[in-house]
Amino acid sequence: MSEKVRVRIAPSPSGNLHIGTARTALFNYLFAKKTGGEYVLRIEDTDLERSNEEYKQNIFDSLKALGLNWDEGPDVGGNYGPYKQSERFDIYPKFAQMLIDKGYAYECFCSNEDLDKEHEIAASKKIPYKYSRKCLNLTKEQKDELKAKGIVPSIRFKVEAKELVFNDIVKGELKFDTNLIGDFAIMKSNGTPTYNFAVVVDDMLMKITHVIRGEDHISNTPKQILIYEALGAEIPKFAHLGMILAPDRSKLSKRHGATAVSDFIKQGYLTEALLNFVALLGWSPSDGVEIKNVDEIAADFRLDEISSSNSIFEYEKLNWMNGQYIKKMDISKLTDLALPFLKDYDLNKYSREQLEKIIEVTREPITLLSDLVYDTRYFFEKPVYDEVCELLKTNLSKKVLDKFLSDVDGYDFKNEQDVHDKLAEFRAYFKEKFGFKPKETMWALRAALTGRTKGADMVSIILLLEKDEVIERLKSAKAI
RNA sequence: GCCCCCAUCGUCUAGAGGCCUAGGACAACACCCUUUCACGGUGUAGACAGCGAUUCGAAUUCGCUUGGGGGUACCA
């Protein structure tokens, strides 16, 4: 048990990186970090039909964006490659043949139609389906005859009846009656391995010590253990994680909105927040502090403390957390992330420094980077007065705008403190003379300058807009 | 149908027989702060699925029921 921990994340490139897969990757990563182990990425593309290059790239990009970088994998290499199953197709038949030679597996010549029929019969009799073993005792002559006819066999694992028990790190002791499992295929007739076989061969060859994955794989585990035993390989430790469910408690799928990490990023979620949030689904910090970066989580992480139940993916807390990260993030880094969302605006109107300032003063109330599109609009475009029309028509507003217009020459637009103080005097003046509440005075000004009743603080807006623009907007507002 | 997993506030969770009149976070509500919205602060409301058993004592152990999830492929 002193051997080095080796874990893997093994996605199938038949879709973009799912948020659930990202969580599984995270837990593998955290466990590797915590134990000083190695974390490998293996692409499971044995199903050529469903796999494609675009999805593979999305998986790479998403994992990298999350910062879950792998020690070994298809692109970085390693001592146990190749790390794409489609490049390992010459490996599996050898082990399958070995299993046949040792009597653990046999060739099966049944056609899909034969198999479908067996399923139908079982269904009509209402008994659980199990392969009939029709091909188990074929003689050499019979097999040769079938092969001469051009029928290429698949290879099935011969399942012996016994009670199989293993200890799952998160679920505890799990028991199975292998008598309920039929002889399952390990090699398809097209020469490629089935999932259960490829996983075991690869995990064995790649010296994986801990298999951390979703609990949808629990029922595969006894089959895989049987293969390990037949291969004479050491059986890794297993840890099965609860699933992430949608709010309606069904499997999280496209109809619930975003499911891929790349979708969340497009919506304006920060990868740090995503990772932090997803870590809290099943794991909880020992000190109760929930906002933590990956390194802090890794230091505190324990696989055997993971909750064994499913959890529901609700947006409220993710949104809150995303907002927290946005508020705390380094402003330059945040600006880099925010600018792509604002690409439809004329960003050249402002210097980089001013752009950072715009982000800085509008970041406070937002939960998503995409919220910035609306919240910063008045910095880039003339205000639209539809919403504040009534407000601007009031007597109060007229007075406020008139006075500000006549005062504005006295404002020092290069001096934040000066604008701040003058604005305070401005409010005081209206309060004393007309009894306007400070916030009413500011509403009028805000409405005129931005077309809104809420937004960034007025000092920053005035400074950023600069004198000419302020005067122009005041005049158009007065004309309403 | 059969096999397996799971079950604490609406949600994420703390809790490993007495520390629990069940703690925290998000969301909700109220108040405070304030140049708006917010942020922040302070409070309020809110849960051990049900039934049995073990025990002096159970959210914590066991059984059953119910509910939810997963699997049942030459898909991964």
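A, B, ... follow the sequence lines: proteins, then strands. Residue 1 opens every chain. No experiment lies behind these values; they were computed from the predicted model shown.
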Is there a donor on the side chain of A:Asp216 or the base of B:A76 sitting less than 3.5 Å from an acceptor on the other? no

Go through B:U36, B:C26, B:U13 for me and flag the one nearest to the A:Lys317 side chain. B:C26

Using Watson-Crick or G-U wobble geometry with both distances below 3.5 Å, tell me the partner of B:C19, or none. none

Ring-face cation of A:Arg452 near A:Tyr374 (centre distance under 6.0 Å, axis angle within 45°): yes

Toward the 5' end of RNA chain B, which comes first, A:Trp320 or A:Glu314, by nearest nucleotide? A:Glu314

From NZ of A:Lys56 over to C1' of B:A76, roughly how many Å is that when rounded to an integer? 17 Å

Stacked cation flag A:Lys467 on A:Phe413, 6.0 angstrom / 45 deg: no

If only side-chain N and O atoms count, and only distance matters, is there a donor-acceptor pair under 3.5 Å linking A:His256 with A:Ser250? yes

What interatomic distance, in whole Å, is found between P of B:C32 and the corresponding atom of B:G70? 48 Å

Which base sits across from B:A14 as a Watson-Crick or G-U pair, both distances under 3.5 Å? none

Look at A:Glu107 together with A:Lys147 and state whether they make a salt bridge at an N to O cut-off of under 4.0 Å. yes

Would you please confirm or rule out a distance under 4.0 Å between OP1 or OP2 of B:C5 and any side-chain N or O of A:His240? no

Just the rounded figure in Å: distance from P of B:G15 to CZ of A:Arg302. 11 Å

In terms of side-chain heavy atoms of A:Asp47, which of B:A76, B:C39, B:A27 is nearest? B:A76

Between B:C3 atom P and A:Phe166 atom CZ, what is the distance in whole Å? 17 Å

Counting Watson-Crick and G-U wobble pairs only, both distances under 3.5 Å, name the nucleotide matched with B:A7, or none. B:U66

Ring-face cation contact, A:Phe434 with A:Lys399, 6.0 Å cut, 45° max: yes

Consider the side chain of A:Thr194, meaning its heavy atoms from C-beta on, and name the nucleotide among B:U35, B:C75, B:A73 that approaches it most closely. B:C75

Does A:Ser311 contact B:C12 through a side-chain donor or acceptor facing the base, at a distance under 3.5 Å? no

Using the C1' atom as the point on both nucleotides, what is the distance between B:G10 and B:C29, in whole Å? 14 Å

For A:Ile366, which contact category applies under a 4.0 Å heavy-atom criterion: base, sugar-phosphate, or nothing? nothing

Round to a whole Å and report the spacing from CZ of A:Arg213 to C1' of B:G70. 13 Å

Among the candidates B:A73, B:A76, B:U36, find the nucleotide nearest to the side-chain atoms of A:Lys439. B:U36

Determine the contact category for A:Asn220: base if any of its heavy atoms lies under 4.0 Å from a base atom, sugar-phosphate if only primed atoms, P, OP1 or OP2 are that close, otherwise nothing. base

Between A:Asp418 and A:Lys422 (salt bridge meaning N to carboxylate O under 4.0 Å), is one present in this structure? yes

Could you state the CG-C1' distance from A:Leu241 to B:C12, rounded to the nearest angstrom? 15 Å

Assigned partner base of B:G57, Watson-Crick or wobble definition, under 3.5 Å: none

Say you pick atom P in B:G15 and the same atom in B:G71; how far apart are they, in whole Å? 29 Å

By the 4.0 Å heavy-atom rule, please label A:Thr46 as base, sugar-phosphate, or nothing. sugar-phosphate

Tell me the partner of B:U44, counting only Watson-Crick (N1-N3 plus N6-O4 or O6-N4) or G-U wobble (N1-O2 and O6-N3) with both under 3.5 Å; none if nothing fits. B:A28

Using a heavy-atom cut-off of 4.0 Å across all strands, would you classify A:Gly282 as base, sugar-phosphate, or nothing? sugar-phosphate

Any N/O pairs under 3.5 Å between the protein and nucleotides 64-69 of chain B? List them or say none.
{"unit_1": "B:G69", "atom_1": "OP1", "unit_2": "A:Arg249", "atom_2": "O", "d": "3.4"}
{"unit_1": "B:G69", "atom_1": "O2'", "unit_2": "A:Asn310", "atom_2": "ND2", "d": "3.1"}

Take atom P in B:U42 and the same atom in B:U65, then report the distance between them in whole Å. 48 Å

How close or far is atom C1' of B:C37 from atom CZ of A:Arg363, stated in whole angstroms? 17 Å

With both distances kept under 3.5 Å, what pairs with B:G1, Watson-Crick or G-U wobble? B:U72

Of B:C39, B:U36, B:A76, the nucleotide closest to the side chain of A:Glu364 is B:C39

Expressed in whole Å, how much space separates the P atoms belonging to B:A7 and B:G63? 13 Å

Crowding at NZ, A:Lys327 (>12 non-hydrogen neighbours, <6.0 Å): yes

Taking atom types as modelled, is there a side-chain donor on A:Tyr131 or A:His119 under 3.5 Å from an acceptor on the other? no

For a quick check of understanding: with a heavy-atom distance under 4.0 Å over all strands, which category does A:Cys110 fall into, base, sugar-phosphate or nothing? base

Counting any heavy atom closer than 4.0 Å, what does A:Glu118 reach on the DNA or RNA strands: base, sugar-phosphate only, or nothing? nothing

Say we look at B:U11 and B:A16: how far apart would their C1' atoms be, to the nearest angstrom? 24 Å

Scanning both residues in full, the closest heavy-atom pair of A:Tyr325 with A:Lys292 reads OH-O, 3.2 Å

Using a 6.0 Å distance limit plus a 45 degree cone around the ring axis, check whether A:Lys431 lies over the aromatic ring of A:Phe436. no

Could you verify whether a donor N or O on one side chain and an acceptor N or O on the other, from A:Asp375 and A:Thr362, lie under 3.5 Å apart? no

Counting the atoms with a prime plus P, OP1 and OP2 as sugar-phosphate, which does A:Ala10 contact under 4.0 Å by heavy atoms, base, sugar-phosphate, or nothing? nothing

Taking atom C1' in both B:A59 and B:G18, what distance in whole Å separates the two? 13 Å

Nearest-angstrom distance, C1' atom, B:A28 to B:C64: 38 Å

Closest of B:G71, B:U36, B:A76 to the A:Ser219 side chain is B:G71

OP1, OP2 of B:G71 versus side-chain N and O of A:Gln224: anything below 4.0 Å? no

Just the rounded figure in Å: distance from C1' of B:C74 to OH of A:Tyr129. 11 Å

Expressed in angstrom and rounded to an integer, what is the separation of A:Asp45 atom CG from B:C75 atom P? 14 Å

Sorted by position of nearest nucleotide on RNA chain B, 5' first, the leading residue of A:Lys171 and A:Arg156 is A:Lys171

Taking the side chain of A:Glu44 as its heavy atoms from C-beta onward, which of B:A76, B:C39, B:A25 lies nearest to it? B:A76

For the side chain of A:Ser284, starting at C-beta, report the closest nucleotide among B:A76, B:A14, B:C12. B:A14

Could you work out which one of B:U35, B:C74, B:A76 sits closest to the side chain of A:Arg427? B:U35

Side-chain N or O of A:Lys188 versus OP1/OP2 of B:A76: is the shortest distance under 4.0 Å? yes

Take a 6.0 Å sphere around CD of A:Glu416 and say whether it holds more than 12 heavy atoms from other residues, nucleotides or ligands. no

For the side chain of A:Ser308, counting heavy atoms from C-beta on, which of B:U35, B:A7, B:G71 is nearest? B:A7

